[in-house]
Each structure stands twice: as C-alpha cells, then as structure tokens.
Amino acid sequence: MINTRDILETINMVENENLDIRTITMGISLLDCCDSDIDKACQKVYDKITTKAARLVEVGEQIEKEFGIPIINKRISVTPIAMLLASSGGDPVKYAKTLEKAANKVGVNFIGGYSALVHKGFAPGDIELMRSIPRALAETDHVCSSVNIGSTKTGINMDAVKMMGEIVKQASELTADRECIGAAKLVVFCNAPEDNPFMAGAFHGPGEPDCVINVGVSGPGVVRAALTKCPDGTLTEVADLIKKTAFKITRMGQLVGAEASKRLGVEFGIVDLSLAPTPAIGDSVAYILEEMGLEKCGTHGTTAALALLNDAVKKGGVMASSLVGGLSGAFIPVTEDAGMIAAARCGALSIEKLEAMTAVCSVGLDMIVIPGDTPASTISAIIADEAAIGMVNFKTTAVRVIPAVGKKSGEELNFGGLLGYGPVMKLHSESSQKFIDRGGKIPAPMQSLKN
Amino acid sequence: MRAVITVIGKDMVGIVAKVSAICAEKQVNITEVTQSVLQDVFAMIMLIDISNMKTPLSELTDEMNKLGDEIGVKIHVMHESVFDSMHRV
C-alpha cells in the first residue's frame, strides 16, 4: 500500500528540492568501426551511434513523463577515439565532427569519448589525438574529451602531463570568444573509470560490453533539505540521515536505469551514486557542508565534512543499486555549485583547500576558472598534484580547469546552463617549469604491488 | 498497474471534475482519493488503475500538465513503481 506521507515526500523532493536523474548515458563500443580508411571509419561510427542510440532521447522523455522524474541529460559515451585513430591515421578532427553530427542526429546533450588512455605511455594515435583536442573542441559543440595520464597501477606519465598543460591552455585560447568553453569540455584523469556516465569525462572503456546504459543520479538539494530537519543532531545522526536519503535517491536511479535498459533492449551497466550539483540555488554540495555547521564552504572542517558526506552517500547508495560504478561520491565542481561560487567569490574557498577536498571527494579539481596568463607548466603541475593524490589513494582524480583568456583573479566567466559561472581563482605565481620539463614517469607507488 | 496523480494549488470550482474527466476519457479507473482544502489550498492524491488505459501513461501526463497550466494548479503523475522502489526495501 502506498501511503500519503511517502507520496508527498517524493513530490516534494522533485518539486522543491531539485531531485532529478542527472543523466542517462548510453555507452557504445566503436571497436568494430576501426578501418584503415578514416572516411570509412567515420561512416561506420556515424551509422553505429545513430542506430544504437536512435531511441535514447525518446525513451528518456517517455520515462521522465511516466515516472514524473526529470531526466536532465541524455548522453552518449564511446570508445576512446585514439584507438580508432591508431588504425586509420588521418586528421583526428574528422572523428570529432562525426561524433558531433551523430549527436545532433539523435538529439543528445553531450557525447564523450574523444579520449586517449596514456597512463603508461603513448600508443599509435594517442599523441595525434591529444594534439588535436583543442581544435576538436573548438569546432564542435557537443563533443567532450578526456585523457587518462596516470593510475595507481602504472604511476603517472609526466610527458603526457606536460602536454596536457599546453593542450588545456590551447583549448581555452581557441574558444576565447565563447567564454573559453573548450577547456570546460576537457578532463585530465588519474584512475579514470571506464563506465562513468558524467561529462565531460565519460568514455566507454575497452573492457565494457558492446552497448550499455549507465545512469547518474543527482540530489544535493534533497540531502540538504533532510539535514535541515536535524539541526542539532550529532554527526553520527547526520551520517545516518545522509545514508537514508542517498538510498532513496539511488533507488530512483536504479529504477530509471533498469526501465531504460529494458525499453531500449540494452544491457544495464551501473548507477553512479554521485551527488551532482547545479548552479540552481538549493542544488549545491557546498550548502550541505554549510548545513552541517560550517559558516562557509572552504573554511577549516570542510574536508572532514566532505569526507563524511562522500562516505555516507556511498553507503546509502550501494544498498539501493544492484550495480554501482562510475565516480560515485560527491562532486565539487566550483562553477556548477551556487555555494562553491559564493565561497570562491568571498575568498573562503581557495585552490589549496579544493585540492585537499579532492582527496576525500569523488573526483577532483573540477570546473575551476584560473587566470588566463597562467603558464602551461603551472597547469601541468596542478594536474600532476591532483594525479598524485589519486594515484596514492587508489581513487579517481581529475582536473578540469579553465584558463580565462584575458582575465585576472577576481573577474568572472559565465558558461551558462549546467556549466554555470564563477570567479577566476588565485594560483601560486612561483614557477614549476623545471619540474615539469624533466618529463619521464612518476613510478607506480608501493600501493600498486598488491598481487 | 497503478499510478498516482497529485494535485496541489489554489482551490476553485471543478478541479476534481476536470481531472476525473480526463481519467474517464482515457479508460483510467480511480480507485482511491484523499483530498483536503486547507484555507484556500487544494490538495488531492488520487490512486488510479491504468491497466485498461489505451494510450501510454506519458500521454496522460501531457494532458494533466496541460490542464494544470490552464487552471493554475500543479498536477503530477507518477507510476507507482517510483514509490515502491524509493520507500520499500
């Protein structure tokens, strides 16, 4: 029997607390589209994506209406394009344009997988693809790119880190007329998951099946609203409450994912248990931390509060879903989170604190606007720091920073939509050039020798 | 198969009639209704049986949303599996 309280609680979550399914992402393997002729390969890629995902948006919208739950994004992730480039050669941007064309045809919001996995070194196609990223992102709207430059098992490829500092900068410069949006579509990973449904870092890993549905849930607003009902509870009680709320949110994701996979006739992959904020007021991870008792996100205690949140979300979510994967945890993208934006503007939140927070959250330095005149070597050094945290702690870390061309600390960029807006954050001006120029590898840590 | 319709908004003449009329037209059977008016806020939860419905549930949602916009109330249609999965282990 359905009781009134449950009904009202659910309606309230959707209506007032921004509960939604952030994304249904269809992962499509393109390994069977390899061809020595790049034009033939592109045609195969286009045909496969438009066939497999033909009904993705339609089914997503149907489920949205029948279940009464907003599904914000329908997306596609594909096999890292560097793998196709390895056999075809040619201009990699052709693939980006093909992905764009396919994304437009099926009507998805983003398509991810303009990617290379170079954590141990460069295979054929990798360097060409990486060099083409800025152009690919400037000449397309929906294509997202990611590069994995390190892992706990392999260590960090510092030659790739050096390259990525320059590539991030170029991606931003080539789109300077569009708020530097290029860099916002590019993620540099350590320990990248193969089944992540969230953009910009989604790609369809080589170990994945042919076609799969992954779901990313959201709901920071719901967690925060639950915490307002427990203003004086101990942190044990807070953790419990977050677990229960995360359970409910994730069940929704599981239901939607299972239904989508049934209707599309595609295998159900995973639910990604992430709390993904949006710039909408009330849909913020920072506000959850502040609800726990911090005056402003970024002050002392923020890392501890985030660790509690991240862990409780996982504990609640794991029980609610049959298969959990992706990034799973709390996201802290600065420009996409009203509370983070406010904290960054007033100076409470610094890049150093964000870095510390990434040691306990689910991803990394995400959507951070940095001064446009930042040297490429400094961006590489930021990537190296972040990758080191991921490598040593067996976790995914990522860097998505946006050098704001022509802007200095204090000025702002505005991407609009889910990507949000935010102030340029201050970085160290001391150089890291020599360290980055050394190149080579940071060997895998002792933690990798578990066999 | 069942679903839940909730209606919340400013009270006025004919809300129940209009919602029920759409249900009848779609071969949807209303099995339970709880309804209250507090001051001038109207709130109703309707449990409906959609087994004999001729069209997809999403069309009922579309029509209810249209009605809600017309008369200025918020109407939600949700499949019962949402509540089952969220509130039952």
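Sequence lines set the chain letters: A, B, ... in the order given, protein chains first and strands last, and positions in each chain run from 1.
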K.L.:
Need one label for I63(A): side chain, backbone, both or neither, based on atoms under 4.5 Å from any heavy atom in chain B.
P.N.:
neither
K.L.:
How many angstroms lie between atom CD1 of I8(B) and atom CG of L8(A), to the nearest 0.5 angstrom?
P.N.:
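I8(B) CD1 to L8(A) CG: 6.5 Å, rounded to 0.5 Å.
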K.L.:
Heavy-atom cut-off 4.5 Å, strictly under: side chain, backbone, both or neither for E9(A) against chain B?
P.N.:
side chain
K.L.:
Look up atom CG in L255(A) and atom CE in M86(B), then write down how far apart they are to the nearest 0.5 Å.
P.N.:
10.0 Å
K.L.:
Atom NE2 in H76(B), atom CZ in F67(A): separation rounded to 0.5 Å?
P.N.:
15.0 Å
K.L.:
What closest approach, in Å, do M78(B) and G68(A) show between heavy atoms, and which atom pair accounts for it?
P.N.:
CE-O, 3.4 Å
K.L.:
Answer with side chain, backbone, both or neither: which region of V82(B) has an atom nearer than 4.5 Å to a non-hydrogen atom of chain A?
P.N.:
both
K.L.:
Hey, could you give me the CD/CD distance between E66(A) and E59(B), rounded to the nearest 0.5 Å?
P.N.:
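If I round to the nearest 0.5 Å, the distance is 10.0 Å.
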K.L.:
How about R88(B) and D6(A): do any of their side-chain heavy atoms sit closer than 4.5 Å?
P.N.:
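Yes. Closest side-chain heavy atoms under 4.5 Å.
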K.L.:
Looking at OG of S85(B) and NZ of K248(A), how far apart are the two atoms once the value is rounded to the nearest 0.5 Å?
P.N.:
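So the gap between those two atoms works out to 11.5 Å.
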K.L.:
Report which part of T6(B) has an atom under 4.5 Å of a heavy atom belonging to chain A: side chain, backbone, both, or neither.
P.N.:
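Just the side chain, heavy atoms under 4.5 Å.
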K.L.:
Let me know if T61(B) has heavy atoms under 4.5 Å from chain A in its side chain, its backbone, both or neither.
P.N.:
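Only the side chain of T61(B) comes within 4.5 Å of chain A.
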K.L.:
Take atom CE in M12(B); do more than 12 heavy atoms of anything else shown fall under 6.0 Å from it?
P.N.:
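It does: M12(B) CE has more than 12 such atoms within range.
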K.L.:
Should T10(A) and H87(B) count as side-chain neighbours, where that means a heavy-atom distance under 4.5 Å?
P.N.:
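Of all side-chain heavy-atom pairs linking H87(B) with T10(A), at least one is under 4.5 Å.
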K.L.:
Below 4.5 Å from any heavy atom of chain B, which atoms of V14(A) appear? Answer side chain, backbone, both or neither.
P.N.:
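Contact with chain B involves the side chain of V14(A) alone.
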K.L.:
Main chain of F83(B), side chain of R251(A): is a donor-acceptor contact present, judged purely on distance under 3.5 Å?
P.N.:
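Judged by distance alone, no pair lies under 3.5 Å.
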K.L.:
Once you round to the nearest 0.5 Å, how far does CG of L47(B) lie from CD1 of I7(A)?
P.N.:
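So the CG of L47(B) and the CD1 of I7(A) are separated by 6.5 Å.
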K.L.:
With a 4.5 angstrom heavy-atom cut-off, could you sort out which part of E15(A) is near chain B: side chain, backbone, both or neither?
P.N.:
side chain
K.L.:
Please determine, among S81(B), S58(B), A3(B), P56(B), the option with the most heavy-atom pairs under 4.5 Å with chain A.
P.N.:
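Top option by heavy-atom pairs under 4.5 Å: S58(B).
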